[in-house]
Amino acid sequence: MVDDEMQVGRMLGEMLQQLDYQVDLHQSAGFRTEPGQFAMLVTDMTMPQMTGLDLLRNYAAYAPISRPFVVPVPAS
């Protein structure tokens with residue numbers, strides 16, 4: 001199942017790159033970045049460590065997002 005999810009992530013990443021977006025693909029919900037590094041986070045809503053909303057909350061706690069745009073994407 002994880003391989004299928006990564007395949008979907010890679011496919012989405014490739015499509016965004018074709019639209020001239022810079023893409024970072026992470027398998028772990030515990031990644032850390034510089035504040036303001038990302039304009040958009042795309043996440044699965046159900047992950048082993050946390051939900052997609054938990055990930056957004058954790059990211060926003062140290063890298064404030066002025067206007068978060070959330071698109072829930074269920075894995076199945």
Side-chain angles (χ1 to χ4, degrees):
M1 184 156 181
V2 171
D3 290 336
D4 290 341
E5 292 167 1
M6 282 305 297
Q7 186 174 4
V8 170
R10 284 189 204 102
M11 198 167 54
L12 178 58
E14 289 172 9
M15 288 188 294
L16 290 169
Q17 286 174 333
Q18 289 175 1
L19 296 170
D20 291 328
Y21 287 97
Q22 183 178 344
V23 174
D24 272 336
L25 185 63
H26 296 270
Q27 286 183 271
S28 171
F31 73 96
R32 290 284 187 225
T33 66
E34 294 296 319
Q37 181 176 350
F38 294 112
M40 175 173 52
L41 296 174
V42 177
T43 181
D44 190 347
M45 290 304 294
T46 306
M47 299 178 284
Q49 304 93 351
M50 66 181 68
T51 69
L53 290 177
D54 290 336
L55 175 67
L56 179 61
R57 284 185 196 107
N58 289 348
Y59 181 81
Y62 75 90
I65 302 170
S66 61
R67 295 177 60 191
F69 184 73
V70 179
V71 178
V73 182
S76 53

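All values below come from the heavy atoms of this structure, side chains included, with hydrogens, waters and symmetry mates left out. Starting from 1, each residue takes its place in the sequence as its number.
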Pairs where residues 46-55 contributes a residue and the test salt bridge (charged side-chain N to carboxylate O under 4.0 Å, His left out) is met, not counting sequence neighbours: D54-R57
In this structure, CE of M11 is separated from CG of L25 (nearest 0.5 Å) by 12.0 Å
Between Q17 and V23, which heavy-atom pair has the shortest distance, and what is it? CG-CG2, 3.6 Å
